[in-house]
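Quick notes on the structure that follows.
Starting from 1, each residue takes its place in the sequence as its number.
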Amino acid sequence: MRVLIQRVSEATVTVSENVCGGIGKGLLIFLGVARTDTAADADYLADKILGLRIFPDETGKMNLNVSAAGGSLLIVSQFTLYGDCRKGRRPSFDAAAPPDQALSLYHYFVEAARKGTVPVETGVFQAQMEVRLVNDGPVTIQIESVDSRHD
């Protein structure tokens, strides 16, 4: 699994002109699922994200996790995180999980995140979504679950 995390002061997801998910301060999480991913990958990333200390403390140092900062999560499926542009001009998405597998692991990841103490909102899987955000910092971090297999 691959996530692109953006610390935001606000973010919303709109589908067909209807807002389906939105948060104030928190983390916007774009989640990509690979063919080789399992529930263990989702558990690792959910735990990592919930503990990630990327919010400023009273001295301005990145020292607080999303819960301590009083934030929320907005999770958006994003298969294009597995776009491979090394050959040609059109990305290959061969590494991305097929829709059924991706949907199952996306839901699993959302539920793993909801086991934490912060509110969790989502986009709509496989929908054409419009994502609006105000990146705070800016702070943008990418994490891959395969890294956990090499620790």
Side-chain angles (χ1 to χ4, degrees), residues 1-13 20-57 59-87 91-127 129-151:
M1 278 184 179
R2 185 175 288 165
V3 293
L4 184 68
I5 303 165
Q6 295 190 317
R7 188 179 77 190
V8 299
S9 55
E10 63 181 87
T12 60
V13 176
C20 60
I23 61 171
K25 176 171 62 174
L27 299 175
L28 172 59
I29 301 165
F30 293 107
L31 174 71
V33 180
R35 292 180 178 276
T36 56
D37 287 336
T38 67
D41 294 288
D43 288 333
Y44 168 78
L45 283 176
D47 181 63
K48 178 65 85 173
I49 290 165
L50 290 169
L52 199 60
R53 298 184 332 179
I54 60 173
F55 288 88
D57 62 15
T59 66
K61 182 178 180 181
M62 281 194 211
N63 204 25
L64 302 177
N65 64 29
V66 67
S67 177
S72 303
L73 304 179
L74 176 57
I75 303 169
V76 177
S77 63
Q78 181 93 34
F79 80 94
T80 60
L81 288 176
Y82 279 100
D84 183 348
C85 299
R86 292 176 291 178
K87 295 181 183 177
S92 167
F93 299 104
D94 290 344
D100 289 347
Q101 176 190 5
L103 177 62
S104 176
L105 285 171
Y106 170 77
H107 283 308
Y108 185 92
F109 177 83
V110 169
E111 291 309 311
R114 285 185 170 142
K115 291 178 183 174
T117 59
V118 299
V120 176
E121 296 278 324
T122 66
V124 177
F125 188 84
Q126 277 193 314
M129 294 177 273
E130 184 178 278
V131 180
R132 294 181 187 263
L133 66 124
V134 178
N135 193 320
D136 177 23
V139 174
T140 303
I141 296 174
Q142 181 177 319
I143 305 173
E144 295 192 46
S145 60
V146 292
D147 294 344
S148 68
R149 297 178 193 151
H150 303 296
D151 288 344

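Under the salt bridge (Lys or Arg N to Asp or Glu O under 4.0 Å) criterion, Arg35 pairs with no residue, sequence neighbours left out. In terms of the side-chain hydrogen bond (donor to acceptor under 3.5 Å, both in side chains) criterion, residue partners of Ser92 (sequence neighbours excluded) are, by chain and number, Asp94. In this structure, Tyr108 has no ring pair (Phe, Tyr, Trp, His ring centres under 6.0 Å) partners at least two apart in sequence or on a different chain. Every side-chain hydrogen bond (donor to acceptor under 3.5 Å, both in side chains) that Arg114 has, sequence neighbours left out, goes to Glu111. Among residues two or more places apart in sequence or in another chain, the side-chain hydrogen bond (donor to acceptor under 3.5 Å, both in side chains) test is passed with Gln101 by none. With sequence neighbours excluded, the residues satisfying side-chain hydrogen bond (donor to acceptor under 3.5 Å, both in side chains) with Thr80 are Gln78. Contacts of Ala95 classified as side chain to side chain contact (heavy atoms under 4.5 Å, CB included), with partners at least two apart in sequence or in another chain: Tyr82. Qualifying ring pair (Phe, Tyr, Trp, His ring centres under 6.0 Å) partners for Tyr106, counting only residues two or more places apart in sequence or in other chains: Phe125.
For the atom pair CE of Met1 and OG1 of Thr36, the computed distance is 10.0 Å after rounding to the nearest 0.5 Å. To the nearest 0.5 angstrom, Ile49 atom CD1 is 7.5 Å from Leu31 atom CG. Taking CD1 of Ile29 as the reference point, atom CD1 of Ile75 lies at 5.0 Å (rounded to 0.5 Å). Summarising the geometry, atom NZ belonging to Lys48 is positioned 14.0 Å from atom CG belonging to Asp43; distances are rounded to the nearest 0.5 Å. Rounding to the nearest 0.5 Å places CD1 of Ile23 at 6.5 Å from CG of Leu28. The CG atom of Leu133 sits 12.0 Å away from the CG atom of Leu27 when rounded to the nearest 0.5 Å.
For the pairing with Val13, the side-chain contact (heavy atoms from CB on, under 4.5 Å) check across Val131, Thr122, Val124 returns one residue only, Val131.
A salt bridge (Lys or Arg N to Asp or Glu O under 4.0 Å) check over residues 67-86, counting only residues at least two apart or in different chains, returns the pairs Asp84-Arg86. Residue pairs meeting the salt bridge (Lys or Arg N to Asp or Glu O under 4.0 Å) criterion with at least one partner in residues 63-78, sequence neighbours excluded, do not occur; the list is empty. Here salt bridge (Lys or Arg N to Asp or Glu O under 4.0 Å) pairs that include residues 95-107, with residues two or more places apart or in two chains, number zero.
No donor-acceptor pair under 3.5 Å is formed between the side chain of Asp41 and the backbone N or O of Leu45. With Arg132 contributing its side chain and Thr12 its backbone, the two residues share no donor-acceptor pair below 3.5 Å.
The nearest pair of heavy atoms linking Ser77 to Gln126 is OG-N, 4.1 Å. Pairing each heavy atom of Gln6 with each of Thr140, the nearest pair is NE2-OG1, 3.4 Å. Nearest heavy atoms, Gly32 versus Leu81: N-CD1, 3.7 Å. Annotation for Tyr44 and Glu144: closest pair CE2-O, 4.1 Å, computed over non-hydrogen atoms. Taking every heavy atom of both residues into account, Ala113 and Ala46 meet most closely at N-CB, 4.0 Å. In plain terms, the two heavy atoms of Gly83 and Pro91 that are nearest each other are CA-CB, 4.3 Å.
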Would you be so kind as to tabulate the donor-acceptor pairs closer than 3.5 Å made by side chains of residues 60-74, with sequence neighbours excluded?
| from | atom 1 | to | atom 2 | distance (Å) |
| --- | --- | --- | --- | --- |
| Asn63 | OD1 | Arg53 | NH2 | 3.3 |
| Asn63 | ND2 | Asp57 | OD2 | 3.4 |
| Asn65 | OD1 | Ser67 | N | 3.1 |
| Asn65 | OD1 | Ala68 | N | 2.8 |
| Ser67 | OG | Thr117 | OG1 | 2.8 |

